[in-house]
Amino acid sequence: QVQLVESGGGSVQAGGSLRLSCEVSGYIERNLCMGWFRQVPGKGREGVAGRHYDGTTKYGDFVKGRFTISKDNTKNTLYLQMNTLQPEDTAMYYCAVRTGSTFYSLLLYSSEYNYWGQGTQVTISS
């Protein structure tokens, strides 16, 4: 059973930074595609950043160079460094894992992922 636990959310002012973490347990294989998604009430989950197990990354168009996805294999932890945050970045952020490969173009599709964390809230004030 794969378990994902996110942390690092919070409230910051516009222009600030946050680093989200997602610790993965219960799965020993290294071929994991991982991603970050976000959701606001009344809308579907939006792909923020995805990372293929070969290291290829993909970002949502709205990121515009502000966010960086990375993974520490020694800690089985995925990170999302978010800089220059804006009020429109306010959302619940979720970590997700796919066991096995996928096409790079599908890294930001929530349907590609089969394990999800519980989410961490990010609130940006103007």
Side-chain angles (χ1 to χ4, degrees):
Q1 182 74 18
V2 178
Q3 292 185 326
L4 290 75
V5 178
E6 300 105 329
S7 61
S11 298
V12 298
Q13 290 188 328
S17 299
L18 285 172
R19 188 177 79 156
L20 306 183
S21 299
C22 173
E23 184 175 355
V24 182
S25 61
Y27 193 81
I28 61 173
E29 295 293 331
R30 295 189 176 186
N31 291 348
L32 296 178
C33 295
M34 303 184 72
W36 288 99
F37 293 79
R38 68 185 188 183
Q39 188 172 23
V40 297
K43 293 189 176 182
R45 288 188 181 180
E46 178 179 40
V48 178
R51 184 185 183 279
H52 195 276
Y53 59 73
D54 68 5
T56 300
T57 59
K58 187 172 179 64
Y59 295 91
D61 291 342
F62 60 88
V63 170
K64 298 180 180 178
R66 300 179 297 134
F67 300 172
T68 303
I69 187 172
S70 62
K71 184 173 183 283
D72 186 335
N73 289 321
T74 64
K75 298 180 179 179
N76 288 328
T77 301
L78 184 74
Y79 300 100
L80 183 68
Q81 177 67 44
M82 304 188 294
N83 299 325
T84 320
L85 285 160
Q86 299 301 316
E88 52 266 33
D89 295 316
T90 295
M92 184 71 78
Y93 282 70
Y94 297 90
C95 171
V97 162
R98 173 186 172 87
T99 52
S101 185
T102 187
F103 294 107
Y104 298 151
S105 61
L106 299 181
L107 285 171
L108 298 181
Y109 284 74
S110 59
S111 58
E112 290 294 299
Y113 295 83
N114 44 2
Y115 293 99
W116 292 84
Q118 81 289 350
T120 185
Q121 178 67 37
V122 171
T123 303
I124 312 302
S125 58
S126 57

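Computed from a prediction, not measured in an experiment: that's the story for all the values here. Any value given below was found using the heavy atoms of this structure, including those in side chains, with hydrogens, waters and symmetry copies removed.
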Transitive ILVMFWY side-chain link M92 to F37, under 4.5 Å: yes
So do Y59 and L107 actually touch side chain to side chain, heavy atoms under 4.5 Å? no
When rounded to the nearest 0.5 angstrom, what is the spacing between CD in E46 and CZ in R38? 4.5 Å
May I ask you to list the residues sharing a hydrophobic cluster with Y109, side-chain cutoff 4.5 Å, ordered by chain and number? F103, L106
Among the clusters formed by ILVMFWY side chains lying less than 4.5 Å apart, do F62 and L85 turn up in the same one? yes
Distance col, row Q121:CD vs T90:OG1, nearest 0.5 angstrom, shows 7.5 Å
To the nearest 0.5 Å, how far apart are OG1 in T68 and CZ in R19? 11.5 Å
Please give me the minimum heavy-atom distance between G100 and C33, naming the atom from each residue. O-SG, 3.4 Å
Apply the test side-chain contact (heavy atoms from CB on, under 4.5 Å) to residues Q86 and T84: give CA-CA distance (whole Å), side-chain angles for both, the deciding distance (0.1 Å), then the verdict. CA-CA 6 Å; Q86 299 301 316; T84 320; 3.8 Å; yes
Common cluster, V97/I69, ILVMFWY with side-chain heavy-atom separation under 4.5 Å: yes
V24 with V48, same ILVMFWY side-chain cluster at under 4.5 Å: yes
Distance-minimising heavy-atom pair for L20 and G9: CD2-N, 3.6 Å
State whether the side chain of E6 and the backbone N or O of T120 hold a donor-acceptor pair below 3.5 Å, judged by distance alone. no
Just wondering, do T99 and N31 contact through their side chains at under 4.5 Å, heavy atoms? no
Are W36 and M82 close enough that some pair of their side-chain heavy atoms sits under 4.5 Å apart? no
Nearest 0.5 Å, what's the CE-OH distance between M34 and Y79? 10.5 Å
R98 and Y113: side chain donor to acceptor below 3.5 Å: no
Over all heavy atoms of both residues, which pair between S101 and Y53 is shortest? Give the atoms and the distance, please. CB-OH, 3.4 Å
Show me the side-chain donor-acceptor pairs of residues 11-18 shorter than 3.5 Å, one per line, residues at least two apart or across chains.
unit_1, atom_1, unit_2, atom_2, d
S17, OG, N83, OD1, 2.9

Report whether Y93 and W116 are members of the same hydrophobic cluster (ILVMFWY, side-chain heavy atoms less than 4.5 Å apart, transitive linking). no
Does D61 have more than 12 heavy atoms from other residues, nucleotides or ligands lying within 6.0 Å of its CG? no
Restricting to non-hydrogen atoms, name the atom on I124 and the atom on D89 that form the minimum distance, rounded to 0.1 Å. CG1-CB, 4.3 Å
Compare every heavy atom of L78 with every heavy atom of C95, then report the nearest pair and how far apart it is. SG-CD2, 4.1 Å
Contact summary for V40 and A91, nearest pair of heavy atoms: CG1-CB, 3.7 Å
Non-hydrogen side-chain atoms of Y104 and K58 separated by less than 4.5 Å: no
